[in-house]
Amino acid sequence: MFKKILIANRGEIALRIIRACKELGIKTVVIHSQVDGNSFATRNADESICVGADPASESYLNMANIISAAEISGADAIHPGYGFLAENSHFAEICETCGIKFIGPSKEAILSMGDKARAREIMDREGVPIIPGSKTILNKVEKAVRVAKKIGYPVILKAAAGGGGKGMRIVEDEESLRKGFVSAQNEAKKAFSKGGIYIEKYLKAPRHIEFQISADKKGNVHYFPERECSIQRKHQKLIEESPSPAVNMKLRKRMGKAAIRAAKSINYVTVGTVEFLVDENENFYFMEMNTRIQVEHPVSEEVTGVDLVKEQIRLAAGEELSPGHVEPYGHAIECRINAEDHTRDFMPSAGLITVFNLPGGPGIRVDTAVHAGYEIPAYYDSMIAKVISHGSDREEAIARMRRALNEFEIGGVSTTIPFHIEVLKNKKFLKGSFNTHFIQDEMSL
Ligand code: MV4
C-alpha cells in the first residue's frame with residue numbers, strides 16, 4: 001500500500017480523498033494555488049505545497065511543479081481527483097516515468113477512451129452496442145454524407161477529442177451537414193487542438209444512464225447499480241440518482257454486463273464509468289467511458305456501502321477487488337449546489353459566503369469544503385457543495401432531499417438550491433418519467 005499520496009486537486013474532492021487516505025492510514029500532501037493556501041483541504045492534509053498562481057494553468061494543471069512537489073515531499077502516488085489532470089494520459093505517463101503511481105488506469109486506457117471515435121471502434125469490436133454511425137474519424141465531408149445517408153437524418157456531429165457534450169452539432173439534412181462539417185472541424189481544432197469529427201444517429205429523447213465499474217489488475221471487474229444522470233443543463237449534470245427509475249433488474253444486468261465488457265476490452269484497472277444513452281424501448285448504446293472518479297460517485301456509495309475512493313486507492317496499489325454489489329440498497333439522490341444565479345442564466349456568483357449552515361439528520365450527507373467566511377475564488381468551477389440523500393425508496397430519498405435543501409442556509413452568494421427545490425416538485429420528475437431534455441422542456445428559465 002502507498003505510504004504518502006499527493007492530491008492534485010482542490011475543494012470537496014481534495015477533502016474527500018484526504019478522508020479516504022486517513023482511514024487507510026496513508027499520509028497526505030495536497031498541492032494548492034496561492035488563493036487556496038488556507039483552504040479546508042490544505043488544513044486537513046498532513047502537508048501542503050503551493051505550486052503556482054491562481055489560474056489553473058499555472059497551478060492545478062502545472063505538471064512540472066506538481067511532479068516536483070511529489071518528489072520533494074516523497075509521495076509514492078498521485079491522486080488527480082476529477083477535472084484538471086484526471087484524464088490527461090501525458091500526465092499519467094510522466095508519473096510512471098518518475099516512478100510515482102498515478103491513481104487511475106494505464107495511460108493507454110486513458111488515451112483510447114479519450115479519443116471518442118476510437119472508443120466506439122473498440123466497443124463495437126467487443127460487442128458493446130454503439131449508436132449507429134461512423135467507426136472512425138471522418139476527414140472528408142463526402143464520407144460524412146455517405147454515412148448519414150445510410151443511418152438516416154437527423155445525425156449528430158461530435159468531436160473525437162471532445163466529450164461531455166463539447167463541440168457537438170445536430171444536423172437535420174444533407175445541406176446543413178455540408179454547411180456545418182468544416183466549421184465543426186475548425187471548432188474542434190480550436191477547442192481541443194484536434195479537429196477529428198465522427199457522426200452518430202441523433203437520438204431524439206434519450207436518457208443518460210451510466211455504470212460505475214471497479215476492476216483489479218487480475219482482470220476481475222464489478223459493476224455497481226446504475227446512475228441516472230439525465231437531469232443536466234448545457235451538459236452539466238445537476239441531479240444524479242441511483243438506481244434509475246427507468247431501469248429494471250433485467251435491463252440492469254444486460255447493461256452491467258456490457259459495462260464489464262467495455263472495461264475488460266481495455267484491461268481497465270481501478271474505478272471508472274461507462275456512459276450509455278438509453279431510448280424509450282430500452283435499447284442502450286455506449287457513449288463514452290470516463291477514466292476517473294466522478295463528481296456523482298457518492299450516490300453509488302450510498303446504495304452499496306462501498307467507499308469508492310478507498311477502493312480506487314486499494315486497486316491502484318494492486319490489491320484485489322472487494323465483493324461487488326449489483327442490486328441497490330434503497331435509493332440515493334445527489335443535488336449539485338452551485339454558487340450561481342439561476343434567474344440570470346446560471347451566472348456564477350463569486351464572493352464571500354457569510355452564512356453556511358449545513359443540513360443533516362437521517363439519510364443526509366453533504367460533501368463540501370466550504371464554510372462561513374469562505375471567499376469563492378473566481379478562477380475555478382462554481383460547485384460549492386453536494387447534498388446526497390439516501391432513503392429506503394425513491395419517495396423517501398426525494399422527501400429527505402427536499403427537507404435538507406430547505407434546511408440548508410447559505411448567505412452572501414446566490415445558489416442553485418431554489419432551482420433544485422423546483423425540480424423536486426415537478427410531476428414528471430416525481431414520476432421518474434424524464435429524459436435529457438427535462439430542464440429545457442420542463443423548467444421555465
Ligand atoms: C447524443 C444525443 C443524441 N443522440 N448523442 C452527449 C454528451 C451529453 N452531455 C449530451 N450528449 C448527447 N449525445 C446522440 N447520438 C443527445 C445528447 C444530448 C444533447 C445534445 C444536444 C443538445 C442538448 C443535449 C442534452 C442532453 C443530451
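Just so you know, these numbers come straight off a predicted model, no measurement behind them. Both counts, for ligands and for their atoms, begin at 1 and track the order of listing.
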Tell me if the [atom1] atom of [X] is crowded by more than 12 foreign heavy atoms within 6.0 Å.
X	atom1	answer
K310	NZ	yes
K201	NZ	yes
R178	CZ	yes
H90	NE2	no

Practice problem: Return a yes/no value for Y202: is any of its N or O atoms, backbone included, closer than 3.5 angstrom to an N or O of ligand 1? | Solution: no
Heavy-atom distance to [atom]: which of [options] wins?
atom	options	answer
atom 3 (C) of ligand 1	L203, I199, I156, D279	L203
atom 9 (N) of ligand 1	Q236, E275, H235	H235
atom 12 (C) of ligand 1	R207, E200, M168	M168
atom 1 (C) of ligand 1	L277, I151, I130, I131	L277

Self-check item: Test: K250 and E282 ion pair at under 4.0 Å
Solution: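 Not counted as a salt bridge, because no side-chain N and carboxylate O are separated by less than 4.0 Å.
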Quiz item: Between E200 and R120, is the closest basic N to carboxylate O distance under 4.0 Å?
Solution: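 A salt bridge links R120 with E200.
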Please confirm whether [X] approaches ligand 1 to less than 4.0 Å, judged on its heavy atoms.
X	answer
K158	yes
M287	yes
Q232	yes

Exercise. Please report which non-hydrogen protein atom sits nearest to atom 26 (C) of ligand 1, along with the residue it belongs to and the distance in Å to one decimal place.
Key: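 Answer, as residue, atom name and distance: T436 CB, 3.3 Å.
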Quiz item: To the nearest 0.1 Å, how far is atom 7 (C) of ligand 1 from its closest protein heavy atom, and which atom is that?
Solution: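 Of the protein heavy atoms, G165 N, 3.4 Å lies nearest.
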Self-check item: Minimum side-chain heavy-atom gap I122-M113 below 4.5 Å
Solution: yes
Quiz item: Under a 4.5 Å cut-off applied to non-hydrogen side-chain atoms, are F102 and E93 in contact?
Solution: no
Quiz item: For ligand 1, which atoms sit closer than 4.0 Å to a heavy atom of K201?
Solution: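 So the atoms of ligand 1 that pass are 4 (N), 14 (C), 15 (N).
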Exercise. Report, in ascending order of atom number, the atoms of ligand 1 lying under 4.0 Å from any heavy atom of I170.
Key: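 Answer, ordered by atom number: 21 (C).
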